[in-house]
Amino acid sequence: MSYFSELGLAEPILRALEVKGYTDPSPIQRKAIPPLLEGRDLLGIAQTGTGKTAAFALPSLHRLISEPQPRQNAGCRMLVLSPTRELAAQIAENMRGYAKFLNLSVQCVFGGVPAGKQARALERGVDILVATPGRLLDLIDSRALTLRHVEIFVLDEADQMMDLGFIVPLKRVAAMLPKTRQSLFFSATMPQSIADLGRQFINDPVRVEVAPQSTTAERVEQFATMVNQAEKQALLTLSLRAGLADDAADNAEHGPIDRALVFTRTKHGADRVVRHLVAAGIPAAAIHGNKSQAQRTAALGGFRQGAIRVLIATDIAARGIDVSGVSHVYNYEIPNVAEQYVHRIGRTARAGATGVAISYVAPDEKSYIRDIERLTRVKLNLLALPEDFQNQAARLPAPARAAPEAQGDRGRRDGGRDGGRGQQPRREGERRDGGRGQAPRGDRAEAGAEGGQPKRRFRPRGPAGLGAHKGAVRRAS
Ligand code: AMP
């Protein structure tokens, strides 16, 4: 009998967890499930990767089946709001898995695809609806959906919602929800503005806080290499080549790579990196807002299944993406907002595993590193360029070596198109349309299920393969 059964969850839910291979609840699940089963509201301060989806999904499913209700036309009993399409699709997929042995329907709606089919799917009502705010409001405005029957409301990633300009849509949603309901409000950070937003949704909540950001950061071995922007491509190519090689355990500087996620600042930058890697014989794919949904689905699917072990992503596209076995995160460009760095490196070291984060720091990015170290209270381990870097780089095929365009990117960042925005990151796909807050274009759905992934428990991965770098992370004084 698993510890989950001691939490009082219904048998079909326990069976679904068994199928997933989960035996022990994660800390947030341990803390959140009992009060949620009692019907309390919840204020959850937790990042993705902590198991928070199951923390809200499992007790909600339990409550929905404990008090069965007929589906109402265009209605839903549980509404989960998520900032991006990827995350919405992922949550819905997880919900379907946990509800595998229950007679509950799960529907997911988001922008960027025709609304007609989604509206038709809602006609007879659904039990659980996962949505991005823009499309949710579209469906409500076209009378394809009503929130009158919502019993459980979940707002996920509230800080990201605010970042993406969804505050006005969220207030509209708040006004439409029934007064009597259970509300759950999750955010990775809880500054005053988010706490104020939370007050509009939750009533006398239980507060659950897990894994403050620095804790995740501490589990990741973090390296930084000072390198000119124009040399980053060659350095990345060489590092990936070494890490993906069969003898990587012995020779690769950053340990063998299971899967690597490479963050670039721009969509074009992501495509360029892919071109260079492919030219060097390293299969890679990109996900970002300019890709069609089919392309993104294919890229993510290939990455999940291991057919492609290197995925290049922009921040928005990668937000909340949960892929097990991401051993390495590369910051090809350093985010100029320190929290973004924490989100990025949180793509590795998920569910208790350890991981490696490698940052390529151009001279004009050094100040960002200082901010990051201050936030995470972790000092990055400085690594010099490999001794024979220039020679190795010179031997790469030309497209894999040269990255003159990257200089142009940097120029824009500092003085060009983005210059007027100061330190603000230019958000991919962001659109502010009089406060109605459409889902950002960047957030496309992915259909990839979790199938075929290794079963995981909340236990740190052993040092296998990464041993040479243990102790690389030091706390900054
Ligand atoms: P989340 O924070 O919801 O994105 O979850 C992070 C990952 O942990 C997802 O892949 C979940 O499927 C997985 N997970 C959630 N709960 C557990 C658990 N109790 N044991 C093992 N894995 C889990």
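FYI, the numbering just counts along the sequence from 1. Side-chain atoms are counted along with the backbone in the values below, which use heavy atoms only and exclude waters and symmetry mates.
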Would you say [X]'s side chain and [Y]'s backbone share a donor-acceptor pair under 3.5 angstrom?
X: Ser187; Y: Asp159; answer: yes
X: Thr132; Y: Pro83; answer: no
X: Ser183; Y: Phe201; answer: yes
X: Ser26; Y: Thr50; answer: yes
X: Lys52; Y: Phe186; answer: no
X: Asp156; Y: Ser82; answer: no
X: His328; Y: His254; answer: yes
X: Ser327; Y: Ile257; answer: no
X: Arg344; Y: Asp315; answer: no
X: Gln200; Y: Ala174; answer: no

Within this structure, what is the [atom1]-[atom2] distance for the pair [X] and [Y], rounded to the nearest 0.5 Å?
X: Arg30; Y: Phe4; atom1: CZ; atom2: CZ; value: 8.5 Å
X: Leu383; Y: Ile358; atom1: CG; atom2: CD1; value: 8.5 Å
X: Asp204; Y: Arg40; atom1: CG; atom2: CZ; value: 5.0 Å
X: Leu184; Y: Leu81; atom1: CG; atom2: CG; value: 12.0 Å
X: Phe263; Y: Gln340; atom1: CZ; atom2: CD; value: 8.0 Å
X: Thr53; Y: Ile28; atom1: OG1; atom2: CD1; value: 9.0 Å

For the residue pair [X] and [Y], establish whether any side-chain heavy-atom pair is separated by less than 4.5 Å.
X: Leu64; Y: Ile128; value: yes
X: Lys31; Y: Glu209; value: no
X: Leu311; Y: Leu300; value: yes
X: Pro34; Y: Leu7; value: yes
X: Leu137; Y: Met176; value: yes
X: Phe56; Y: Met78; value: yes
X: His288; Y: Asp271; value: yes
X: Leu240; Y: Tyr330; value: yes

*With Phe185, which of Leu42, Ile194, Ile45, Asp41 fulfils side chain to side chain contact (heavy atoms under 4.5 Å, CB included)?*
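Exactly one pass, corresponding to Ile194.
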*Ignoring hydrogens and angles, state whether a donor on the side chain of Gln118 or Arg135 is under 3.5 Å from an acceptor on the partner side chain.*
yes
*Using a distance-only test with no angle check, is there a side-chain donor-acceptor pair under 3.5 angstrom linking Asn94 and Gln90?*
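No pair is found: no donor N or O on one side chain lies under 3.5 Å from an acceptor on the other.
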Kindly give the heavy-atom pair with the smallest separation between [X] and [Y], and that separation in Å.
X: Leu36; Y: Gln182; value: O-NE2, 3.0 Å
X: Ser359; Y: Ile334; value: CB-CD1, 3.5 Å
X: Pro59; Y: Ala54; value: CD-O, 3.8 Å
X: Pro191; Y: Thr189; value: CD-C, 3.4 Å
X: Val126; Y: Ser105; value: CA-OG, 3.4 Å
X: Ala144; Y: Leu122; value: O-CB, 3.7 Å

Does a side-chain N-to-carboxylate-O contact under 4.0 Å join [X] and [Y]?
X: Glu86; Y: Arg296; answer: yes
X: Arg77; Y: Glu67; answer: no
X: Arg370; Y: Glu373; answer: no
X: Glu365; Y: Lys232; answer: yes

*When you look at Ile312 and Val310, which way does the side-chain contact (heavy atoms from CB on, under 4.5 Å) test go after all the steps?*
CA-CA 7 Å; Ile312 323 298; Val310 182; 3.8 Å; yes
_Residue pair Leu58, Leu17: steps toward the side-chain contact (heavy atoms from CB on, under 4.5 Å) verdict_ = CA-CA 9 Å; Leu58 304 177; Leu17 291 172; 4.0 Å; yes
*List the steps, then state whether side-chain contact (heavy atoms from CB on, under 4.5 Å) holds for Arg148 with Gln72.*
CA-CA 10 Å; Arg148 241 178 305 153; Gln72 303 284 343; over 6 Å; no
_side-chain contact (heavy atoms from CB on, under 4.5 Å) evaluation trace for Leu129 with Leu136_ = CA-CA 10 Å; Leu129 180 65; Leu136 181 91; 4.1 Å; yes
